[in-house]
Protein chains: 2
Amino acid sequence: MNAGAHDGRQQDPRPGPVPARARIEDVAAAAGVSMKTVSRVLNNEPGVREATRLRVREAVAALNYRPDPSARSLAGNRSYLVALLYDNPSPNYLMEVVTGVVDACEAHHYGMVMQPVAHRAPGCVEAVDALLSGARLDGLILTPPLTDSDALLDRLDQRGIPFACISPYKREGRIGVTLDEHDAVCELVAHLVALGHRRIGHVRGHPDHGASEWRLAGYRTALRRAGLRYDPELVVPGEFSFDSGLESGRRLLSLQPRPTAIFAANDDMAAGVMRAASEMGLRVPAEVSVCGFDNTPIAKHIFPQLTTVQQPTRDMAQVATMQLLAAIRDRGAGSMVHMPYALQLRDSTGPAPPD
Amino acid sequence: MNAGAHDGRQQDPRPGPVPARARIEDVAAAAGVSMKTVSRVLNNEPGVREATRLRVREAVAALNYRPDPSARSLAGNRSYLVALLYDNPSPNYLMEVVTGVVDACEAHHYGMVMQPVAHRAPGCVEAVDALLSGARLDGLILTPPLTDSDALLDRLDQRGIPFACISPYKREGRIGVTLDEHDAVCELVAHLVALGHRRIGHVRGHPDHGASEWRLAGYRTALRRAGLRYDPELVVPGEFSFDSGLESGRRLLSLQPRPTAIFAANDDMAAGVMRAASEMGLRVPAEVSVCGFDNTPIAKHIFPQLTTVQQPTRDMAQVATMQLLAAIRDRGAGSMVHMPYALQLRDSTGPAPPD
DNA sequence: CTGTTAGCGCCTTCAG
DNA sequence: CTGAAGGCGCTAACAG
């Protein structure tokens, strides 16, 4: 059970295979200061003369000293660990998020643990509660659709743990990061309108995601601004999955008259719509234009390449994490940051076919 | 800096908003036993009468007691944390791995931290070394290509930290999980041969991945068994990416005479090959058959759907993690487990075209 | 600006 | 089978 690298204080003169990890006490002795001063230097606290600071740093380097996270955690009442809570989003999206979060964490010597959370499951809130009790976490990052679960957010507020939301539906009073999805979709659909499209279908996102609402709202705004009537028949449900896009695509493309363009609420579904078009012998974009949202890799891997909205997911995750770390450092810090989007016009959209 | 939920030992009679987390001492008092006995029960150690055990468990439940991981870690010299080391694999693959690892971890009350490692970077081994010093990790999970970096593996051995490998090239003396990729590819290529193909191209995997070797070897074995000559011209490099598949596909399909079938070392590259075929006006599978490896989602999302090898990545990750946890529990435990594969025959492969 | 003194909450040893 | 004492390595509070 015990690794044995333990009792070897100073009774072993030979350069044994186990260099007996230096402790803060050793560093203090080597630098000729007190433990607390070493601690101050390590944590970049003020109140240490520059010369002393340097001497301590040298001793740290010489002894190859690394503070023990467990001890730090126990004494300092924090873990240097944040958790990424997620619920079954697309792998591409989640990996972008992971990369962004980890990047930000590394810079601040934080670790990130992955924590799946089934937001529809009955005991979801309790499960998160147990997690918070069972692991010393300094903060949480939430991804959609967890960002839109009021029960969960309320509980987290109640427990007082700092958390950041990536792309939540409600932004007020939260910290994290958002992108103006309404405006982005609005521009995208306006682009379709400019190409001459008048019957524009929409495959909605997963009903649990606030993003689905924003995207639908953007679609409606664009129609209204273009003086087009909102036709409920042209709006069909989806779940952000390829298969749901395929099914909804079949449905939309069977309507009479057929829509000449379809905006799917994400790229996976847009790919499904394109497959539906292909099944029905419809050419994209000659007979039907298709566009998506997110600019995931699939957008470039399908043919023709997909017109979509570029969302800087990785940067968003990084920014959200920085906000979280700020809030961990001092409660009250951290805010909701807005990120820019960019239309990616590619080959899946083109002029509306003549009547 | 201080949350304030701290000093409230027992001087606050009202049911305040901060229930002052129970400590092991409280549980001991409630159960009428010593702290050590509680500890024994919590860690499932022997030497406690069944009745006592029950009483303790009741007290734990009543007080909603959760041991503090930091304290446990400090005193017990372990962290209940493992890290997943990865280097830029495909998001789909990695997320499957994450899911499997997390599943196995949850069951054993372990947490998993994500740790990207740039295996080509100069200071890679040192970076991992620093990681091991800076975070108390009980063990590591390695994914390809880290599993094939001798420098890294040697250092880990030297530090004596337990680790499990997922799909390493060399299996002897390691713990983890593998799949017989050689045999799988052999069967896949034999399937092409059975369809009448005689000129079969191969897009290789990333040169740093041992899997690329196994897959090439399987290809060669299948050719040999079929009495076909190995033609180096038909084997082109790749990097496991869509783009590399596209490029290599163009190259292979420009050869005269053209191969009638192409085995790409993974699905992403196979999708690239199919795109190359489509660019050149070649129909799949009528004029050229294409197959891949992994059975990632893209295999079903492209048209026609891809013939490939199903690899139970999630289960593999889970099994590897269980082996790791066993090795953590007692050094010497844990082994290399072989997992089954299954051919997925779909629409991208068909009879060889007549000459 | 710096040092001293007490724990953080648990586990380990050794005694009963 | 059970308990009491001590320490894991660090930081918070308070002195100086």
Side-chain angles (χ1 to χ4, degrees), chain A residues 1-9 20-29 31-56 59-60 63 65-80 109 133-136 138, chain B residues 1-9 20-29 31-56 59-60 63 65-80 109 133-136 138:
Chain A
M1 207 48 124
N2 194 324
H6 227 51
D7 304 322
R9 276 287 165 275
R21 215 186 148 106
R23 293 158 305 152
I24 199 172
E25 186 185 329
D26 305 325
V27 178
V33 297
S34 76
M35 283 167 56
K36 180 58 197 169
T37 299
V38 178
S39 174
R40 286 199 179 93
V41 173
L42 268 85
N43 297 318
N44 286 315
E45 283 171 33
V48 180
R49 206 182 322 168
E50 204 46 44
T52 317
R53 208 174 275 279
L54 264 169
R55 235 175 338 125
V56 170
V60 165
L63 296 175
Y65 168 76
R66 297 258 149 216
D68 180 309
S70 316
R72 210 138 104 122
S73 177
L74 180 58
N77 202 34
R78 67 200 138 152
S79 63
Y80 296 94
H109 300 286
S133 309
R136 241 191 209 310
D138 289 351
Chain B
M1 210 47 126
N2 194 323
H6 227 50
D7 304 324
R9 276 288 165 275
R21 211 186 151 106
R23 292 159 307 152
I24 200 172
E25 184 186 332
D26 305 325
V27 178
V33 297
S34 76
M35 284 168 55
K36 178 58 197 170
T37 299
V38 177
S39 174
R40 286 202 179 91
V41 173
L42 270 95
N43 297 318
N44 286 315
E45 283 171 34
V48 180
R49 209 179 319 166
E50 203 48 42
T52 317
R53 208 174 274 279
L54 264 168
R55 240 179 331 131
V56 171
V60 166
L63 296 174
Y65 169 75
R66 297 259 148 213
D68 180 309
S70 317
R72 212 144 102 124
S73 179
L74 180 58
N77 204 34
R78 66 198 140 155
S79 64
Y80 296 93
H109 301 287
S133 307
R136 242 191 208 312
D138 289 352

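FYI, side chains are in, hydrogens and waters are out, and symmetry mates aren't considered; it's all heavy atoms of this structure. Every chain is numbered from 1 and lettered A, B, ... according to where its sequence line falls, protein lines coming before strand lines.
Using a 4.0 Å heavy-atom cutoff across all strands shown, Leu74(B) reaches at least one base atom of the nucleic acid. Within 4.0 Å of Pro46(A), counting heavy atoms only, lies no atom of the nucleic acid at all.
Shown here are the side-chain hydrogen bond (donor to acceptor under 3.5 Å, both in side chains) partners of Tyr80(B), two or more places apart in sequence or in another chain: Arg78(B). Qualifying side chain to side chain contact (heavy atoms under 4.5 Å, CB included) partners for Leu74(A), counting only residues two or more places apart in sequence or in other chains: Ser70(B), Ala71(B), Leu74(B). With sequence neighbours excluded, no residue forms a side-chain hydrogen bond (donor to acceptor under 3.5 Å, both in side chains) with Ser39(B).
Listed by first and then second residue, the side chain to side chain donor-acceptor pair (under 3.5 Å) pairs involving residues 44-54 of chain B amount to none (not counting sequence neighbours). The salt bridge (charged side-chain N to carboxylate O under 4.0 Å, His left out) contacts involving residues 65-74 of chain B comprise Arg136(A)-Asp68(B), where partners must be two or more places apart or lie in separate chains.
For dT11(D), one of the phosphate oxygens OP1 or OP2 lies less than 4.0 angstrom from a side-chain nitrogen or oxygen of Asn43(A). In this structure, Arg72(A) does not reach the dG9(D) phosphate: none of its side-chain N or O atoms is under 4.0 Å from OP1 or OP2. The shortest distance between the side-chain N/O atoms of Tyr80(A) and the OP1/OP2 oxygens of dC10(D) is not below 4.0 Å. OP1 and OP2 of dC10(D) both lie 4.0 Å or more from every side-chain N or O belonging to Arg23(A). Proximity of Thr52(A) to the phosphate of dT2(C): a side-chain N or O atom is located under 4.0 Å from OP1 or OP2.
When rounded to the nearest whole Å, the span between CZ of Arg49(A) and C1' of dG3(C) equals 14 Å. When rounded to the nearest whole Å, the span between CG of Leu42(B) and P of dC10(C) equals 9 Å. Here dT2(C) presents its C1' atom at 14 Å from CD1 of Ile24(A), a figure rounded to the nearest Å. If you take CG of Asn77(B) and C1' of dT13(C), they are 15 Å apart, rounded to a whole angstrom. Atom-to-atom, CZ of Arg78(B) to P of dT12(C) comes out at 6 Å; the value is rounded to the nearest Å. Atoms CG (Asp68(B)) and C1' (dG7(C)) sit 14 Å apart, rounded to a whole Å. Rounded to an integer number of Å, the gap from CZ of Arg136(A) to C1' of dC10(C) is 12 Å.
If you check dC10(D), dC1(C), dC10(C) against the side chain of Ala75(B), the one that comes closest is dC10(C). When each of dT12(C), dC10(C), dT11(D) is scored by its nearest atom to the side-chain atoms of Glu45(B), the top-ranked nucleotide is dT12(C).
Although no hydrogens or angles enter the test, the distance criterion places a donor-acceptor pair under 3.5 Å between the side chain of Asp26(B) and the main chain of Arg23(B).
One end of the helix from dC1(C)-dG16(D) to dG16(C)-dC1(D) points its axis 30° away from the other end's axis, with each axis taken from 5 pairs and the angle rounded to 10°.
With rounding to the nearest 0.5 angstrom, the CG atom of Asn77(A) is 8.5 Å from the CG atom of Asp138(A).
Considering all non-hydrogen atoms of both residues, Ser73(B) and Ser79(B) come closest at OG-CA, 3.6 Å.
Considering Val60(A), Val38(A), Thr37(A) as possible partners of Ile24(A), the one that fulfils the side chain to side chain contact (heavy atoms under 4.5 Å, CB included) test is Val38(A).
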Provide a list of protein-nucleic acid N or O atom pairs under 3.5 angstrom, restricted to nucleotides 3-6 of chain D.
unit_1	atom_1	unit_2	atom_2	d
dG3(D)	OP2	Ser34(B)	N	2.9
dG3(D)	OP2	Ser34(B)	OG	3.3
dG3(D)	OP2	Thr37(B)	OG1	2.8
dG3(D)	O6	Arg40(B)	NH2	3.1

